Amino acid sequence: MSLSDLLTEAIEEQENSIPFNRISIYNRLLDFRNYLIDNLKGSSVSSNFSKIKTFYHYNRINIPFIPPINNKTITKYDAISFDDLLTKQEIIKAFDIAEESIKSWILVLASSGCSRLEAKSLTNEIFYQGTYSYHRKDDFHDALRYLANHNDVVCTCKLTRRKTDKPYYTFLNPETVQFIARSKLERADFNPNGPLLDYSVDYVGRKFGFINDYLNLGYAGAYRRFRPHMLRKFNATYLNQVGDELLDMDMIDCLHGRSKGTTREAYFKNNPYYLKLAYIRCMNNVSLFHTYTYEIADGKVHVYSKRH
């Protein structure tokens, strides 16, 4: 039955005051939950079941008491470990076979640690403003030409985390900035109000899935290893644990937009210059094709790039 038919059935039974021990919705919900238990694992069972209950609640349908799930009946996922994370070599292989627009997504997610939703919220204007201190151009087209020919630009992105509505700063490394600039010049994408990245988040997820299966990268827990969220985990772990220079977890939480609690956020405000310097110090850890050095002169950070 369609959701519309199920809703019509529930409304009719409610309006006709059918006793709870005889209404169809009770058995339908139990059957659906048993189906989820047989076919899904872990929290996916409760999250999918709660969505159906929310659908009924939203339409003002009274739901009878449903006995709680026996957690012993739910198959658990293995916890994701360090060995499950994508390596740089695997990400590079995925990059090599991806189409142009997906290459941009890979670079943005790996270098910034953004979620798919925050990456999709990036605009050409954010890219232009985040690199303005380098190019100093009044025209986006001119800015792109400058960025396409320089491999020392770190883009500052001011975003808002969708889960918590918390504003935060993150960064795109020079290889990402240069690749995006060249791609936009090639496609003549000069609209400052346009999205930085093409495609919907769902489409990107499917494309990542195709790449994962083509390269036989397998699964980690319930999900394919090559997926956008694993690049977020890659970014966090490699900045914290893989490289000569490392960031502590508090700093990475700042770069990922994770909240530290209302009291700390009320008194401590993140300085984008300080965050950028910390990021530059460790961005080799999440750069795929280049090695970077830097120096500070006259209060400015100068980055030098060398391709692997």
Side-chain angles (χ1 to χ4, degrees), residues 39-44 75-122 151 155 170-184 186-187 195-243 252 255-256 282-292 305-308:
N39 291 275
L40 300 180
K41 296 181 181 181
S43 61
S44 298
T75 306
K76 302 296 191 299
Y77 293 119
D78 293 332
I80 294 176
S81 68
F82 180 85
D83 291 336
D84 293 321
L85 293 177
L86 295 163
T87 65
K88 281 191 182 184
Q89 291 73 24
E90 289 171 329
I91 298 172
I92 290 170
K93 286 181 180 179
F95 181 90
D96 288 341
I97 67 170
E99 61 186 85
E100 192 81 358
S101 293
I102 297 300
K103 289 180 190 287
S104 294
W105 274 92
I106 292 171
L107 289 172
V108 167
L109 295 173
S111 65
S112 71
C114 285
S115 71
R116 279 189 298 177
L117 288 176
E118 276 107 57
K120 184 57 185 174
S121 72
L122 287 166
N151 59 7
C155 179
T170 192
F171 304 92
L172 303 177
N173 60 19
E175 66 186 16
T176 303
V177 171
Q178 190 172 47
F179 182 89
I180 289 176
R182 289 176 175 175
S183 177
K184 289 189 175 294
E186 185 176 339
R187 294 184 290 117
L196 185 69
L197 299 171
D198 293 333
Y199 305 142
S200 70
V201 293
D202 290 336
Y203 180 80
V204 170
R206 291 196 296 273
K207 297 294 284 188
F208 272 53
F210 295 150
I211 293 172
N212 182 89
D213 294 346
Y214 181 81
L215 294 177
N216 293 317
L217 295 177
Y219 282 71
Y223 304 101
R224 289 176 172 87
R225 290 181 61 238
F226 188 71
R227 60 189 178 100
H229 196 63
M230 285 292 271
L231 289 180
R232 184 167 167 83
K233 294 178 184 291
F234 160 83
N235 176 276
T237 304
Y238 272 60
L239 287 175
N240 176 251
Q241 299 179 34
V242 183
I252 295 168
L255 296 176
H256 281 207
C282 299
M283 69 182 176
N284 282 335
N285 303 7
V286 293
S287 297
L288 303 181
F289 303 105
H290 294 80
T291 301
Y292 300 100
S305 173
K306 179 181 179 182
R307 190 170 179 89
H308 296 163

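Computed from a predicted model, the values in this text were never measured in an experiment.
- The closest donor-acceptor contact from the side chain of R225 to the backbone of L217 lies under 3.5 Å.
- For S115 and E118, the side-chain atoms include at least one donor-acceptor pair closer than 3.5 Å.
- Of the possible donor and acceptor atoms, none in the side chain of N240 sits under 3.5 Å from a partner among the backbone N and O of T237.
- The local environment of NZ in K88 is crowded, with over 12 non-hydrogen atoms from other residues, nucleotides or ligands closer than 6.0 Å.
- For the residue pair N173/T176, the side-chain donor-acceptor check at 3.5 Å is satisfied.
- Here the closest heavy-atom approach between residue L109 and residue P228 is recorded as CD1-CB, 3.7 Å.
- Side chain of R232 to backbone of G113: a donor-acceptor contact under 3.5 angstrom is found.
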**Request:** Kindly indicate, with the supporting measurements, whether the criterion side chain to side chain contact (heavy atoms under 4.5 Å, CB included) is fulfilled by E99 and K207.
**Result:** CA-CA 9 Å; E99 61 186 85; K207 297 294 284 188; 3.0 Å; yes
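- Rounded to the nearest 0.5 angstrom, L196 CG and I180 CD1 are separated by 4.5 Å.
- Side-chain contact, T291 with N284: no donor N or O sits under 3.5 Å from an acceptor N or O.
- Not a single donor-acceptor pair under 3.5 Å links the side chain of K103 to the backbone N or O of A94.
- Within the 3.5 Å criterion, the main-chain N or O of S112 finds a donor-acceptor partner in the side chain of T170.
- Of the possible polar contacts, one joining the S287 side chain to the M283 backbone as a donor-acceptor pair under 3.5 Å is found.
- Under the 4.5 Å side-chain criterion, counting only non-hydrogen atoms from C-beta, K93 is not in contact with F95.
- When all heavy atoms of D198 and W105 are compared, the closest pair comes out as O-NE1, 2.7 Å.
- No donor-acceptor distance shorter than 3.5 angstrom exists from the side chain of K120 to the backbone of V201, with no hydrogens or angles considered.
- The backbone N or O of S111 sits less than 3.5 Å from a side-chain atom of N235, completing a donor-acceptor pair.
- At most 12 heavy atoms of other shown residues, nucleotides or ligands fall within 6.0 angstrom of atom OH in Y223.
- Other residues, nucleotides and ligands contribute over 12 non-hydrogen atoms within 6.0 Å of the CZ atom of F289.
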**Message:** For E175 and L288: C-alpha separation, side-chain torsions, deciding distance, then whether side chain to side chain contact (heavy atoms under 4.5 Å, CB included) applies.
**Reply:** CA-CA 8 Å; E175 66 186 16; L288 303 181; 3.6 Å; yes
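- Under a 3.5 Å cut-off, the side chain of E90 and the backbone N or O of T87 do form a donor-acceptor pair.
- Across every non-hydrogen atom of L85 and F234, the tightest pair is CD2-N, 4.4 Å.
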